[in-house]
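Presented below is the structure to which this report refers.
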Amino acid sequence: MAIREETVWEALKQVRDPEIGIDLVNLGLVYEVLVTEENGKSNIHVKMTLTSPACPSGPQMVQDVKDVLKQLGEEVGEVTVEVVLSPPWTPDRMSEEAREELGFY
């Protein structure tokens with residue numbers, strides 16, 4: 001059975017920015033999720049950014065994304081993560097939930 005895009009978005013909420021402590025989805029770091037079918041497997045491509053170009057936690061977060069998505073099941077094929085810096089991340093991308101947790105009003 002194919003993995004749904006919504007399932008991927010939910011799984012990504014398990015990955016937290018280790019410096020901020022909020023998940024990547026609510027921080028607005030995930031820009032796009034693409035699921036394609038190939039040979040009975042769901043390949044997953046995630047386009048994300050970092051809070052800053054020199055973010056020291058970037059490699060760890062990329063690996064955490066891959067690890068969480070591979071845990072979705074045997075139907076997961078290739079998982080790729082593309083880190084982009086354009087458009088740059090700004091606090092405006094955060095969800096209301098993240099804003100409240102960080103005290104942004």
Side-chain angles (χ1 to χ4, degrees):
M1 185 169 139
I3 293 179
R4 296 180 24 226
E5 186 178 314
E6 297 81 19
T7 303
V8 174
W9 281 98
E10 276 304 309
L12 290 172
K13 289 181 180 178
Q14 296 175 55
V15 181
R16 297 192 173 278
D17 181 308
E19 294 178 323
I20 300 174
I22 296 178
D23 72 85
L24 304 186
V25 173
N26 280 301
L27 271 177
L29 295 178
V30 178
Y31 287 171
E32 182 179 285
V33 168
L34 179 63
V35 179
T36 56
E37 299 305 311
E38 183 179 348
N39 300 322
K41 299 277 189 178
S42 295
N43 294 329
I44 304 170
H45 180 79
V46 176
K47 186 182 289 188
M48 64 175 282
T49 193
L50 306 170
T51 54
S52 73
C55 176
S57 300
Q60 177 186 345
M61 289 188 293
V62 168
Q63 188 60 53
D64 290 349
V65 165
K66 290 179 180 179
D67 292 345
V68 161
L69 296 180
K70 288 179 182 176
Q71 292 174 9
L72 289 176
E74 292 180 12
E75 58 271 12
V76 174
E78 184 178 355
V79 175
T80 56
V81 178
E82 177 184 2
V83 176
V84 297
L85 299 176
S86 181
W89 179 84
T90 66
D92 297 353
R93 296 192 55 86
M94 291 190 299
S95 70
E96 192 64 37
E97 178 183 312
R99 289 176 194 275
E100 287 176 13
E101 194 170 329
L102 292 174
F104 283 69
Y105 299 104

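Scope of the values below: all heavy atoms of this structure, side chains included, with no hydrogens, waters or symmetry mates.
Hydrophobic cluster membership differs between L34 and W9, with clusters built from Ile, Leu, Val, Met, Phe, Trp and Tyr side chains linked at under 4.5 angstrom.
Remark: the D67 side chain and the Q63 side chain contain an N/O donor-acceptor pair separated by less than 3.5 Å.
Taking 4.5 Å as the limit, some side-chain heavy atom of L24 sits within range of a side-chain heavy atom of M61. With a 4.5 Å cut-off on side-chain heavy atoms, V76 and S42 do not count as touching. For the pair T7/V35, no side-chain contact is recorded, criterion being any heavy-atom separation below 4.5 Å from C-beta on. At a threshold of 4.5 Å between non-hydrogen side-chain atoms, the residues M94 and L102 count as touching. For the pair V15/D23, no side-chain contact is recorded, criterion being any heavy-atom separation below 4.5 Å from C-beta on. Taking 4.5 Å as the limit, some side-chain heavy atom of M48 sits within range of a side-chain heavy atom of L50. P87 has its side chain within reach of Y31: a pair of non-hydrogen atoms, C-beta onward, lies under 4.5 Å apart. Here the side chains of T80 and E78 are in contact, with some heavy-atom distance below 4.5 Å.
Looking at K13 and E10, a side-chain N of the basic residue comes within less than 4.0 Å of a carboxylate O on the acidic one, giving a salt bridge.
A distance of 8.0 Å separates SG in C55 from CG in L29, rounded to the nearest 0.5 Å. A distance of 5.0 Å separates CD in E96 from CD in E100, rounded to the nearest 0.5 Å. Of the inter-residue distances, the one linking I20 atom CD1 with E101 atom CD reads 10.5 Å to the nearest 0.5 angstrom. Interatomic distance, Q71 CD to L69 CG, rounded to the nearest 0.5 Å: 9.0 Å. A distance of 4.5 Å separates CG of N43 from OG1 of T36, quoted to the nearest 0.5 Å.
Put simply, the residue from K47, E5, E82 that forms a side-chain contact (heavy atoms from CB on, under 4.5 Å) with E32 is K47. The residue from V8, V30, V81 that alone fulfils the side-chain contact (heavy atoms from CB on, under 4.5 Å) condition with V65 is V81.
At least one donor-acceptor pair closer than 3.5 Å links the side chain of S95 to the backbone N or O of A98. In this structure, the side chain of D17 engages the main chain of E19 through a donor-acceptor pair within 3.5 Å.
Remark: E74 CD is loosely packed, at most 12 non-hydrogen atoms of other residues, nucleotides or ligands lying under 6.0 Å away.
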